[in-house]
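All remarks here apply to the structure that follows.
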Protein chains: 2
Amino acid sequence: MEKTIIGLEQAAQTLKLLGDKTRLTILGLVKNGECCVCEFVEVLQMSQPSVSQHLRKLRDAGLVKEQRRGQWIFYSLNTAHETYPIIRQVLDQIPGQQEKLKALAEAGLRIQCD
Amino acid sequence: MEKTIIGLEQAAQTLKLLGDKTRLTILGLVKNGECCVCEFVEVLQMSQPSVSQHLRKLRDAGLVKEQRRGQWIFYSLNTAHETYPIIRQVLDQIPGQQEKLKALAEAGLRIQCD
DNA sequence: TGAAAATATAAGTATATGCTTATATGATAA
DNA sequence: TTATCATATAAGCATATACTTATATTTTCA
């Protein structure tokens with residue numbers, strides 16, 4: 001009656017990526033939409049290279065996808081990935097990060113592209 | 001509408017513990033019952049000190065609890081812990097480890113105490 | 001074309017992690 | 001009490017991780 005999709009090894013690798021406060025916050029931020037790197041930098045209050053390196057790990061594992069729009073690169077959850085169900089479960093059980101994006105928007109720092 | 005119980009920091013710390021193949025297997029093994037250390041050693045095919053060290057991490061974080069019975073120490077899921085819901089969700093999404101315990105039982109290596 | 005902005009990558013470093021071997025503790029049985 | 005079994009702990013070591021600073025790449029705009 002099990003409907004396990006991913007193997008234990010891949011689950012462990014995915015959970016290791018989630019087991020970091022910065023990356024977990026990043027995933028919480030893109031839970032309902034996309035963000036660009038400078039927004040992560042602003043919200044997380046950490047250096048741009050450090051943020052980029054975390055994003056690369058998430059992207060290499062397929063957990064997020066990137067899309068360039070102009071000079072910005074936007075990251076979003078890769079809902080098509082096989083690990084997405086487990087990630088969704090986890091994200092639904094931790095505090096939402098939406099209010100941080102709201103604060104960004106109120107400060108006029110949210111990036112909007114057309 | 002969020003019913004998040006644990007904070008992001010604690011979630012990250014818990015997920016880091018789950019992000020290891022050995023520990024994830026251990027949790028899978030105690031998903032439906034308790035096991036003693038020698039059973040973990042047998043199933044995982046790794047050294048006893050290494051297993052003990054993983055168990056200590058899980059116990060220190062409160063994810064599992066231990067109970068001594070005779071010369072054996074049995075470990076089981078700490079269902080009362082605040083991180084239990086998230087752990088349960090994860091365990092329900094990875095392959096079960098029950099068949100390994102079944103193999104142990106058939107080999108007459110399962111520990112039974114009264 | 002050239003400068004500036006956004007992002008990525010590389011290299012270096014300090015700390016964390018997971019194993020090993022050796023030893024300690026605690027319970028049982030002779 | 002002494003030996004043995006099950007488990008825990010300590011110390012040492014190799015690798016992984018997450019940051020820093022410096023530099024490269026790509027896009028936009030003047």
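Reminder, nothing fancy here: chain letters follow the sequence lines and each chain counts from 1.
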Nearest-Å distance, [atom1] ([X]) to [atom2] ([N])?
| X | N | atom1 | atom2 | answer |
| --- | --- | --- | --- | --- |
| A:Gln13 | C:dG18 | CD | P | 14 Å |
| B:Gln45 | C:dT20 | CD | P | 12 Å |
| B:Met46 | C:dG18 | CE | C1' | 8 Å |
| B:Leu24 | C:dT17 | CG | P | 17 Å |
| B:Trp72 | D:dT4 | CH2 | P | 18 Å |
| A:Leu44 | C:dT7 | CG | P | 13 Å |
| A:Glu34 | C:dT7 | CD | P | 12 Å |

Looking at B:Leu44, B:Val43, B:Asp20, B:Val64, which hits side chain to side chain contact (heavy atoms under 4.5 Å, CB included) with B:Ile26? B:Leu44

Criterion side chain to side chain contact (heavy atoms under 4.5 Å, CB included) against A:Leu18, the qualifying member of A:Val90, A:Leu91, A:Ile86, A:Thr83: A:Val90

Side chains of A:Arg110 and A:Glu39 in contact at under 4.5 Å (non-hydrogen atoms): yes

Kindly say if [X] contacts the phosphate of [N], meaning a side-chain N or O under 4.0 Å from OP1 or OP2.
| X | N | answer |
| --- | --- | --- |
| A:Ser47 | D:dT20 | yes |
| B:Lys16 | D:dT17 | no |
| A:Tyr75 | C:dA6 | no |
| A:Ser50 | D:dC19 | yes |

Can a side-chain donor-acceptor contact be found between A:Gln10 and A:Thr14 if the only test is distance below 3.5 angstrom? no

B:Lys100 and B:Gln97: side-chain donor and acceptor closer than 3.5 Å? yes

Any idea which of D:dA18, D:dA8, C:dG18 is nearest the B:Asp20 side chain? C:dG18

Give the intermediate values and the outcome of salt bridge (Lys or Arg N to Asp or Glu O under 4.0 Å) for residues B:Lys31 and B:Asp92. CA-CA 9 Å; B:Lys31 183 179 171 184; B:Asp92 285 344; 3.5 Å; yes

Mind listing the residues from residues 52-67 of chain B sitting with a heavy atom below 4.0 Å of DNA chain C? Number order is fine. B:Gln53, B:His54, B:Lys57

On a heavy-atom basis, the closest approach of A:Gly19 and B:Lys16 is O-CE, 3.3 Å

Let me have a per-nucleotide readout for nucleotides 23-30 of chain D, 5' to 3', with B, S or -, counting only protein heavy atoms under 4.0 Å. ---SSS--

Taking any heavy-atom pair under 4.0 Å as a contact, classify A:Phe40: base, sugar-phosphate, or nothing. nothing

Does CD belonging to B:Glu82 count more than 12 external heavy atoms closer than 6.0 Å? yes

Side chain to side chain contact (heavy atoms under 4.5 Å, CB included) assessment of B:Leu63 paired with B:Leu77: CA-CA 6 Å; B:Leu63 308 200; B:Leu77 267 189; 5.8 Å; no

